[in-house]
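Beneath this line is the structure, given in C-alpha cells, with notes to follow.
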Amino acid sequence: MSSEAKCSKPQCDKSVAINELARRRGFFWPSFEIYGGSGGFVTYGPLGARLKQNVEAKLRELMVKKIGIYEIESSIIAPGKVFEASGHVAHFKEPMVECQKCHTRFRADHLLEEKNISSKETEKMNLEEIKQELIRHQVVCPDCGSPFGEPTRYLTMFETTIGPYSGAVGYGRPEAAQNIFVEFNRLYNVAREKLPFGALQIGHALRNEISPRQGLIRLREFTIADLEFFFDPEEPDCQYLTEVEDEVLPILLCDTRLKECEDITNFTVKEALDKSIIKCQWQAFFMAQAKRLLNQIGVPTEKQRFIEKLTWEKAHYSTQSFDQEVLVDRWGWVEVSGHAYRTDYDLGCHMKASGVDMTVYKEFKNPIESEELIVKPIVAKLGPVYKGDAAKVAAAIAELPARQVADAMEKDGSILVEGYQILKEQVEISKQKTIVRGKRFIPHVVEPSFGCDRLLYIALEYAYGIKNDRVVLGFPRTIAPIQVGVYPLMSRDGLDTKAKEVQRMLACEGFMTDYDETGSIGRRYARADEAGVQLGITIDYDTIDDNTVTIRDRDSWQQVRASITNLPKLLQKYFKGKANFADLGSQIKS
RNA sequence: GCGGUUGUAGUCUAGCUCGGUAGGACUCCAGCUUCCCAAGCUGGCUACCCGGGUUCAAAUCCCGGCAACCGCACCA
C-alpha cells in the first residue's frame with residue numbers, strides 16, 4: 001500500500017482534528033480510558049453508533065435489499081476445528097525471531113525463504129527445527145549482522161478455551177465469512193435449494209494485531225461485513241448486470257503495478273468483463289455496488305480505486321482479488337473492501353474436515369442418456385469351477401474395463417484374469433441404458449468484504465469541512481446521525497413548549513431529532529453543524545401566530561419557511577432524496 | 001515488540017530547569033440579556049495518566065507500568 005500524502009506535522013492533519021472532534025462530540029473514543037486504555041479497542045458514542053448504523057444501513061440497502069441477500073448473525077467464538085479447516089490456524093501463526101543486538105524482529109519464514117526454503121516447508125517445522133535451519137544456513141540479522149534469539153510463534157487470532165476443559169480450544173473469528181460457510185447447508189435449504197444466492201454477516205471480528213495504530217483504521221476488535229455469494233460456475237451470469245454495466249471502475253492493474261506505476265485505468269463494468277479484466281460477472285457487479293456505496297457515503301469516484309492483487313499478495317483461497325481503496329488525508333490509500341473470488345475453496349475445506357456433504361444437486365435440462373457396456377460375471381457358473389476362489393475371480397472380472405472383456409471374448413472366446421481362464425459363457429455381456437438426470441457440485445463463491453469502522457471513519461473525513469472558521473460535518477443526508485434539530489428562538493414565552501411539541505411530533509413520525517434551547521440561536525446552529533445535523537427547525541414568535549417555522553440547511557445555511565402541518569411529508573421526501581432543500585418551503589430573505 | 005518524543009479539566013495550554021499540591025483561554029452548566037448564525041455580563045463545575053520510591057513536602061526528581069505520537073517491524 002502506498003503512503004503518499006503523508007504529513008509530518010500532526011497539527012495540519014485531518015485525522016487529528018477528526019479524532020479530537022469525535023471524542024468531544026461523542027462519535028468515538030479509545031475504550032477503557034479510566035484504566036489507562038488498551039490499544040486497538042474503540043467505543044462508539046451516541047453520534048458514532050448512529051452514524052455506524054446508518055452506514056451499515058446503506059450497505060444493507062445496496063447489498064441486501066436490492067438483491068435479496070440473506071443476512072445472518074452468528075457467534076464470535078468458534079471451536080478450533082472451524083479455523084483449522086479454513087486454514088486460518090496455519091496462516092495466522094507466524095514464526096518470528098528477534099535480533100539479540102538491535103532487537104529488530106523478522107518473520108523467520110521470510111528469512112528462510114531467502115535461503116530457498118519454501119514457506120510450505122517452514123509451515124511444517126516446529127520452533128526447534130526453525131532454529132536449527134537458521135543456524136545451519138547461518139542466517140543473521142540483515143540489519144546489523146548479529147545472531148537471533150529463540151524463535152517464537154505469534155498467533156494473530158485470539159485463542160481461548162470453551163468450557164472448563166483446556167483441550168477445547170476456541171478462537172475469536174478473524175472474519176465473519178466462516179460462519180456463513182459453516183451454515184451453508186441450512187442457508188441453502190432456506191434459499192429453497194436454488195442458486196445463486198448470497199448471505200451477509202455484519203459483526204465483530206477479532207485480530208490480535210501486534211501493534212495497532214491509525215485509530216479506527218486498524219483495530220483489534222472491529223466490525224466486518226462479509227458477503228458470500230454462492231453460484232454455479234457453469235452459470236456465472238449476473239442477472240442484474242444491466243443495472244451496473246455502465247458504471248465506471250477505476251482500476252490499478254497488475255501489469256501497471258509491475259511497472260512500478262500507479263496509473264489508473266477506467267473501465268466500465270461491461271468493458272472490464274469483455275476484456276476479461278474482471279473474470280466473474282458477479283464480482284464485477286459487487287465491485288460496482290461497492291463503488292456506489294462509497295459514493296453514497298460521500299466519497300467521489302476520483303478518490304476511489306480498485307487494486308488488482310498480485311499473485312503473491314492474494315490469500316491462499318483466491319483466484320482473483322481486488323481491493324477497493326479510498327484516498328485518506330493521513331494515510332494515503334486505505335483499503336475499505338476486498339473482492340475475492342474464493343471458488344469452492346471454503347466449502348471444500350469444511351466438507352473435507354467435517355465429512356458433511358456440502359455439494360448441491362443440479363438437474364440437467366436434458367438428461368444425458370448413455371449406453372454402457374456391462375460385463376456381469378455369472379456366479380452360478382463360476383462357483384462349480386473355481387469353488388472358494390469364485391468370489392475373488394468374479395471381483396477381478398468386474399474390475400476390468402467392460403470393453404476389454406467384450407473384445408477378448410469376441411476374438412478369443414476367453415480371457416485370462418489373474419491366471420484364470422475365463423470362458424465366454426461364464427460372463428454375461430450386455431448393453432445397458434443409463435439416464436443421468438443431474439450432478440452434484442460445490443458452488444463457487446465471490447466475496448465482497450467491508451471494514452465498517454473504516455467506512456465510518458471515511459464518511460467522517462469526507463464530511464469534514466470548514467465554513468467561516470466553523471467545523472461543519474456535511475454528511476450525505478441519508479447517513480446524517482441526527483436528521484432534524486429543533487430550536488426555540490427564545491427559551492421562554494411558550495416558544496420552548498411549542499418547540500418540544502414539534503420535536504416530539506417529528507420523533508414520532510420516525511425522524512432522528514435533537515432539541516437544543518441553550519445559548520444564542522447562532523451558537524446552537526454552530527453546535528449542530530459540528531455534529532452534522534442535517535436540518536434545523538426554529539420556532540419563533542410567528543410560529544405561535546401562523547404555525548410556520550424556519551428550516552435551515554446545514555450546508556448552505558439557507559433558510560426557508562414552511563408550515564408545521566406539512567413538515568412530516570416534506571421531510572420524508574427530502575430525506576428520501578425526492579425533494580431538494582428549496583422545495584421545503586418559501587424563500588426567506590436574509 | 002524495539003528506539004525516540006510525550007502525558008496538566010471536555011479541548012488547547014502555563015507551571016517542571018531550581019520540589020511548597022495548580023493559572024489562563026475556549027467549551028459546558030445556571031442566571032441575566034439577546035427576534036436567526038459560536039455577541040455580552042455574572043456565577044459555577046471540571047485536571048496534574050497509573051503504581052511505587054526519595055523527601056517534612058512531588059505536577060515537578062528517580063524507578064516501573066499504561067497510553068498516544070514519530071520511525072522500524074508487523075498487517076494471513
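Quantities reported herein were computed from a predicted structural model and do not represent experimental measurements. Lettering follows sequence order; numbering is per chain, from 1.
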Separation of the [atom1] atoms in [N] and [M], to the nearest angstrom:
N: B:U60; M: B:C18; atom1: C1'; result: 10 Å
N: B:C32; M: B:U46; atom1: P; result: 23 Å
N: B:U33; M: B:C41; atom1: C1'; result: 8 Å
N: B:G40; M: B:A57; atom1: C1'; result: 44 Å
N: B:C16; M: B:A58; atom1: C1'; result: 11 Å
N: B:G24; M: B:U8; atom1: C1'; result: 13 Å
N: B:C61; M: B:G19; atom1: C1'; result: 8 Å
N: B:C26; M: B:A68; atom1: C1'; result: 23 Å

So, does the side chain of [X] form a donor-acceptor pair with the base of [N] at under 3.5 Å?
X: A:Asp540; N: B:C35; result: no
X: A:Tyr487; N: B:C36; result: no
X: A:Arg207; N: B:C75; result: no
X: A:Arg552; N: B:C36; result: no

Just name whichever nucleotide pairs with [N], Watson-Crick or G-U, keeping both distances under 3.5 Å, else none.
N: B:A68; value: B:U5
N: B:U34; value: none
N: B:A25; value: B:U11
N: B:C45; value: none
N: B:A39; value: none
N: B:C18; value: none
N: B:C61; value: B:G53

Below 4.0 Å: OP1/OP2 of [N] and any side-chain N or O of [X]:
X: A:Thr518; N: B:C28; answer: no
X: A:Arg527; N: B:C28; answer: yes
X: A:Ser520; N: B:U34; answer: no
X: A:Arg524; N: B:A38; answer: no

Requested in this report: Identify whether NZ of Lys or CZ of Arg in A:Arg552 sits under 6.0 Å from the centre of the six-membered ring of A:Tyr525 and within 45° of that ring's axis.
Outcome: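 Flagged: A:Arg552 positioned over aromatic ring of A:Tyr525.
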Query - Axial cation check for A:Phe83 ring with A:Arg173, 6.0 Å and 45° limits - result: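 Verdict for A:Phe83: no cation-pi partner in A:Arg173.
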Query raised in the report: Roughly how far, to the nearest 0.5 Å, is the CD1 atom of A:Ile18 from the CZ atom of A:Phe27?
Result: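 One gets 10.0 Å once the value is rounded to the nearest 0.5 Å.
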**Report entry** Value rounded to 0.5 Å, distance of CD1 in A:Ile551 from CD1 in A:Ile588
**Finding:**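 If I round to the nearest 0.5 Å, the distance is 8.5 Å.
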Length of the [atom1]-[atom2] vector between [X] and [N], whole Å:
X: A:Arg220; N: B:C75; atom1: CZ; atom2: P; value: 15 Å
X: A:Glu159; N: B:A76; atom1: CD; atom2: P; value: 20 Å
X: A:Ile34; N: B:G7; atom1: CD1; atom2: P; value: 23 Å
X: A:Leu495; N: B:C35; atom1: CG; atom2: P; value: 11 Å
X: A:Phe158; N: B:A76; atom1: CZ; atom2: P; value: 16 Å
X: A:Arg492; N: B:C35; atom1: CZ; atom2: P; value: 8 Å
X: A:Phe41; N: B:A67; atom1: CZ; atom2: P; value: 11 Å
X: A:Gln558; N: B:C37; atom1: CD; atom2: P; value: 15 Å

So [X], base contact, sugar-phosphate only, or nothing? Heavy-atom distance under 4.0 Å.
X: A:Thr538; result: base
X: A:Met490; result: base
X: A:Glu33; result: nothing

Requested in this report: Report yes if the distance between the aromatic ring centroids of A:His350 and A:Phe184 is under 6.0 Å, otherwise no.
Outcome: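 A:His350 vs A:Phe184: aromatic centres not under 6.0 Å.
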[X] side chain, from C-beta outward: closest of [options]:
X: A:Arg523; options: B:U27, B:A76, B:C36; answer: B:U27
X: A:Arg218; options: B:C75, B:A39, B:C36; answer: B:C75
X: A:Ile521; options: B:A76, B:C36, B:C28; answer: B:C36

Query raised in the report: Relative to the ring of A:His339, is the ring of A:Phe306 parallel (under 30°), tilted (30 to 60°) or perpendicular (over 60°)?
Result: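 Correct class here is perpendicular.
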Query - Plane angle bin for A:Phe575 and A:Phe511 - parallel if under 30°, tilted between 30 and 60°, otherwise perpendicular - result: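 Geometry flag for A:Phe575 against A:Phe511: tilted rings.
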Report task. Decide yes or no on side-chain hydrogen bond (donor to acceptor under 3.5 Å, both in side chains) for A:Trp557 and A:Asn468, but give the supporting numbers first. Result -> CA-CA 11 Å; A:Trp557 295 2; A:Asn468 295 14; over 6 Å; no
